[in-house]
Number of protein chains: 2
Amino acid sequence: MFKLNKMTDYAVVMMADMARMTDDMRTAPQLAEATGVPLPTVSKLLKNLANAGLMQSQRGASGGYSLSRAPEDISVAEIIAAVEGPIALTACVDGSPDQCGVETICAMRGNWDKVNRAVRGALEQVTLADMMVSAFEFGIPAPAERAGAAS
Amino acid sequence: MFKLNKMTDYAVVMMADMARMTDDMRTAPQLAEATGVPLPTVSKLLKNLANAGLMQSQRGASGGYSLSRAPEDISVAEIIAAVEGPIALTACVDGSPDQCGVETICAMRGNWDKVNRAVRGALEQVTLADMMVSAFEFGIPAPAERAGAAS
DNA sequence: TCAAAAGGTACCAGATTAGTACTGATTGCG
DNA sequence: CGCAATCAGTACTAATCTGGTACCTTTTGA
Ligand code: FES
Ligand code: FES
C-alpha cells in the first residue's frame, strides 16, 4: 500500500492538465471532460483545492477555476494536503486524542513525527511542473536529493 | 490521510519493542502481551516480517522470533514494504496493467514514479534505532493520563 | 509421544472511501 | 430585473478495503 487515494490522483491529474493553460479559466464540466473523471467528483475536488488556496474560483456565470500559482511553485505535498488533509502517517504524532491504540506501552510516542517530516519534505521537493517535464527528457537518474530526514 | 495502516504501525511498535532485547527470542504471545496488540494480529504481522527477512523464526517448541539485523540497520521503509507491499503511491508507476483509470489522457504517466522514489528515499533514512533514541533525549512527559483507550 | 509455537488459509464485520444527489449562493448578461 | 450558468455546501448511499478472528497444519524440543 502506501498508495494515496484515487481522489488525490485525480487532483494531481486535473491540476497537471490545467497547468498547461494557466491563462484560461476552466469550468468543472470542462475539466471533467478533459480528465475523464466523473463531474460530481471533479466538482468536489475543485472545491477542496480552491479552499486550500491552490486554485482561484470565480463564482457567477462564465466563472470557473484557475491555478493561483505557477506549476513549479505547487508541490504535490500541497495537493495531497488539500485533498487528504495534513500529511501524517500515523495517528500518534504529537497530541492527538486517540492514538494508535497501543500508546500506553509504546516507547516511541513522538518519533513518528520524524518519519512524517521526512516524507513531507520529500513530497515538497516534487512540484507540479516536475510531473510534466520528464515526459520529454526522461533521463532521471536521481530525482530527489535525499530530501527530508532533516531530523 | 497519507496515514499508513494500523498494521504497519503495529509492526513498527513490535519491532521497536523487540529491538531492546536482541538476544532474546520472543514468542508471538509474549509480543502480544508486551504491545497490547491482539495475538492473532501479532502472529500475522510476525509472519510477514519473517517472510521479508526482517525477522528470523524458529519453529518448534520453545521457538520464537528475533530480529535478523541491528535496529539501526532496519529502515522503516523495509518494514512498510514488508507489511504493506512495495512502496508505490499510485497505480500508474511504470507498466501496471490497470492504471489509475484516467491514464488514457494523462500527460504524466510515468512521473508518479518520481514521487514514489522521493518518498521511498525519505523513508529509508529513518531506521528503527531512530525511532527510539529521541524518547530519551526529547524529554517526553508521561502522556497517558487520559482514560484508557484499549482497556 | 506430547505440547508449544510457527505457518497458512479462509472468513466475517466494521470502517472508510468513492461516488451521487440535492439544494443554496453568487454573478454576468440579455 | 430576471434568468441562467457556475460555484458552494451538505447529506446520503453503495462498494471496497482493512482489521480482526477462527481453524487447521507443520515443525521440533522435552
Ligand atoms: S503511540 Fe502509536 S506508535 Fe507509539
Ligand atoms: S496514469 Fe494515473 S496519474 Fe497518469
Side-chain angles (χ1 to χ4, degrees), chain A residues 1-11 13-14 18 24-33 35-66 68 80 82-85 89-91 98 100-102, chain B residues 1-11 13-14 18 24-33 35-66 68 80 82-85 90-91 98 100-102 149-151:
Chain A
M1 104 61 126
F2 228 62
K3 65 186 203 310
L4 39 74
N5 306 18
K6 217 184 293 184
M7 295 279 101
T8 309
D9 189 72
Y10 289 165
V13 172
M14 280 160 44
M18 218 163 182
D24 269 317
M25 178 163 273
R26 325 272 306 270
T27 71
Q30 269 180 315
L31 224 22
E33 172 80 15
T35 57
V37 180
L39 172 57
T41 302
V42 168
S43 186
K44 190 195 296 184
L45 262 318
L46 257 337
K47 208 181 330 177
N48 286 344
L49 292 171
N51 282 343
L54 295 176
M55 293 258 194
Q56 276 179 322
S57 63
Q58 178 61 25
R59 285 190 57 152
S62 76
Y65 291 95
S66 59
S68 51
I80 293 175
V83 178
E84 313 269 2
L89 273 74
T90 54
D98 75 332
C100 64
V102 301
Chain B
M1 95 72 121
F2 228 63
K3 67 187 201 309
L4 39 73
N5 307 21
K6 216 184 294 183
M7 295 279 99
T8 310
D9 189 71
Y10 289 165
V13 172
M14 281 160 44
M18 219 161 179
D24 270 315
M25 177 163 273
R26 325 272 306 270
T27 70
Q30 268 180 317
L31 224 22
E33 172 79 15
T35 57
V37 180
L39 172 58
T41 302
V42 169
S43 185
K44 191 195 292 185
L45 261 318
L46 257 339
K47 208 181 331 179
N48 286 344
L49 292 170
N51 282 342
L54 296 176
M55 293 259 193
Q56 278 180 318
S57 64
Q58 177 61 26
R59 284 190 60 151
S62 75
Y65 292 95
S66 58
S68 51
I80 293 175
V83 177
E84 314 269 1
T90 54
D98 75 331
C100 63
V102 301
S151 84

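Residue numbers start from 1 in every chain, and the chains themselves are labelled A, B, ... in the order their sequence lines are given, proteins ahead of strands.
Following rounding to the nearest Å, M55(A) (CE) and dT6(D) (C1') show an atom-to-atom distance of 15 Å. Atoms CG (L45(A)) and C1' (dG9(D)) sit 15 Å apart, rounded to a whole Å. Computed from coordinates, the K47(A) NZ to dA25(C) P distance equals 14 Å when rounded to whole Å. When the P atom of dA8(D) is taken as reference, atom CG of N48(A) falls 11 Å away, rounded to whole Å. Note: CG (N51(B)) to C1' (dT9(C)) measures 14 Å, nearest angstrom. In this structure, the NZ atom of K6(B) is 12 Å from the C1' atom of dT16(C), given to the nearest Å. Atom CG in L39(A) sits roughly 11 Å away from atom P in dA21(C) (whole-Å rounding). At whole-Å resolution of the value, OH in Y65(A) and P in dT27(C) are 14 Å apart.
Of all non-hydrogen atoms in Q56(B) and S68(B), the two that sit nearest each other are CG-CB, 3.7 Å. Considering all non-hydrogen atoms of both residues, M55(B) and Y65(B) come closest at SD-CB, 4.2 Å. Heavy-atom minimum distance, L49(B) versus A82(B): CD2-CB, 4.0 Å.
Of the listed nucleotides (dG19(D), dG9(D), dG7(C)), dG19(D) has the atom at the smallest distance from the side chain of M7(B). Residue P38(A) places its side chain closer to dT20(C) than to any other of dT9(C), dT20(C), dC7(D). If you check dG29(D), dT27(D), dG9(D) against the side chain of A61(B), the one that comes closest is dG29(D).
In this model, a side-chain donor or acceptor of R59(B) finds a partner on the base of dT26(D) within 3.5 Å.
Side-chain nitrogen and oxygen atoms of Y10(A) include none within less than 4.0 Å of the OP1 or OP2 phosphate oxygen of dT17(C). Distances shorter than 4.0 Å separate none of the side-chain N or O atoms of S57(A) from OP1 or OP2 on dT6(D).
Nucleic acid contact class of P40(A) (heavy atoms, under 4.0 Å, all strands): base.
Among M14(A), Q30(A), M18(A), the one residue that satisfies the side-chain contact (heavy atoms from CB on, under 4.5 Å) test with T35(A) is M14(A). Partner of V37(A) under the side-chain contact (heavy atoms from CB on, under 4.5 Å) criterion, chosen from V13(A), V42(A), L31(A), D9(A): V42(A).
Toward the 5′ end of DNA chain D lies the nearest nucleotide of Q58(A), the other residue of the pair K44(A) and Q58(A) mapping further downstream.
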